[in-house]
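Heads up: the structure comes next, in structure tokens.
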Amino acid sequence: MSPLRTLVMIALSGASLSSAGAAYAQYGGGEGESRQDQQQQEEEQQRKTNEEFNTNAPGMPKLHNVGPCPYVKTLYDAARYIQFEGGREASAAVQYSGEIEDLASGCAYKADEPIQVRIQALFAFGRGPQARSSRKDFPYWIAVTDRNRAVLAKETFVQPVVFPAGKDRVTMTVNLPSVTIPRATPQVSGSNFEILIGFEVTPQMADFNRLGKRFLANAGQTSASTPQAPPPSQ
């Protein structure tokens with residue numbers, strides 16, 4: 001059993017979380033209609049995203065469940081991985097880049113069974129001017145949280161990437177490690193949980209993402225964050 005699955009099981013085994021989970025399941029206990037509206041909007045957006053993404057992802061397993069699935073999304077600060085040589089933020093200093101472009105997910109559970117979640121990610125990886133190798137291991141993590149954003153479990157994985165000769169960009173669809181979320185009672189639905197996915201980034205990378213800085217897809221060949229000055233008028 002993986003650490004991610006083990007930690008989730010431990011986190012949900014206590015009586016206090018059991019009673020709280022049952023309350024979360026229907027968003028009752030004073031949460032109000034605004035919370036229900038938010039949940040419905042998020043689930044509808046997730047459904048549309050999955051439908052659109054699955055048109056290009058025929059390998060996504062079809063799962064069946066009796067209730068809503070956990071909401072699966074990327075964490076903005078960790079959705080991109082831009083590695084610079086010497087920490088210098090410049091297009092000419094880019095070594096490697098990675099981006100989570102889309103996610104699709106499905107879940108299955110019934111009665112008091114655990115929630116089984118399968119996730120498929122669309123990654124785009126780049127090799128910049130300062131890359132030292134045609135191979136790079138990109139670290140990423142998967143975390144399970146409750147709807148209050150408390151982290152129940154988190155585990156780090158590695159996605160190896162090999163750039164073919166003459167190519168500085170690789171796009172791939174990856175079946176991520178499955179996630180199992182035990183439930184304290186049958187009344188606890190998948191909507192009580194969120195699954196967050198992101199790259200294992202340094203504080204500098206997180207700040208770079210948070211500030212909205214970007215480079216174009218060709219792994220740092222051109223800077224998109226610095227607009228070019230218009231030519232002088234004649």
For a side chain to side chain contact (heavy atoms under 4.5 Å, CB included) check, start with the C-alpha distance between Val174 and Gln120, then their side-chain angles and the critical distance, and finish with the verdict.
CA-CA 6 Å; Val174 178; Gln120 198 172 71; over 6 Å; no
Can you give me the closest heavy-atom contact between Val170 and Pro164, atom names plus distance?
CG2-CD, 3.8 Å
Taking all non-hydrogen atoms of both residues, which atom of Arg169 and which atom of Ala124 are closest, and how far apart?
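What the structure gives for the nearest pair is NH2-CB, 3.3 Å.
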So that I know where these two stand, are Phe157 and Tyr140 an aromatic pair - ring centroids less than 6.0 Å apart?
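Ring centroids of Phe157 and Tyr140 are less than 6.0 Å from each other.
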What about Tyr96 and Tyr81, are their ring centers closer than 6.0 Å?
no
Is there a continuous path of hydrophobic side-chain contacts, each under 4.5 Å between heavy atoms, that joins Leu196 to Ile181?
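Different clusters.
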Check the hydrophobic clustering (I, L, V, M, F, W, Y; side-chain heavy atoms under 4.5 Å; chains of links allowed) and say if Trp141 and Val201 are grouped together.
no
Would you check if [X] and [Y] make a side-chain contact, meaning some heavy-atom pair closer than 4.5 Å?
X      : Y      : value
Pro70  : Cys107 : yes
Leu103 : Ile119 : yes
Lys154 : Ile142 : no
Met205 : Arg80  : no
Ile197 : Leu176 : yes
Gln116 : Pro114 : yes

Taking it one step at a time, do Val151 and Val144 satisfy side chain to side chain contact (heavy atoms under 4.5 Å, CB included)?
CA-CA 6 Å; Val151 177; Val144 178; over 6 Å; no
Sorted by chain and number, sequence neighbours left out, salt bridge (charged side-chain N to carboxylate O under 4.0 Å, His left out) with Asp112 holds for none
Applying salt bridge (Lys or Arg N to Asp or Glu O under 4.0 Å), run through Arg183 and Glu113 and close with a yes or a no.
CA-CA 7 Å; Arg183 295 182 296 149; Glu113 294 177 353; over 6 Å; no
By ring pair (Phe, Tyr, Trp, His ring centres under 6.0 Å), which residues pair with Phe163, not counting sequence neighbours?
none
For Phe123 and Phe199, take the angle between the two ring planes, folded into 0 to 90°, and tell me which bin it lands in: parallel under 30, tilted 30 to 60, perpendicular over 60.
tilted
Would you please say whether a donor-acceptor pair under 3.5 Å links the side chains of Lys136 and Gln83?
yes
Once you round to the nearest 0.5 Å, how far does CG of Asn175 lie from CZ of Arg118?
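Reported to 0.5 Å precision, the distance equals 9.0 Å.
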Please check this pair: side chain of [X] against backbone of [Y], looking for a donor-acceptor N/O pair closer than 3.5 Å.
X      : Y      : result
Tyr71  : Ile195 : no
Gln130 : Ala92  : yes
Thr74  : Tyr76  : no
Arg127 : Lys167 : yes
Asn192 : Ser189 : yes

Can you tell which of Val117, Ile115, Thr145 makes a side chain to side chain contact (heavy atoms under 4.5 Å, CB included) with Phe193?
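Passing option: Ile115.
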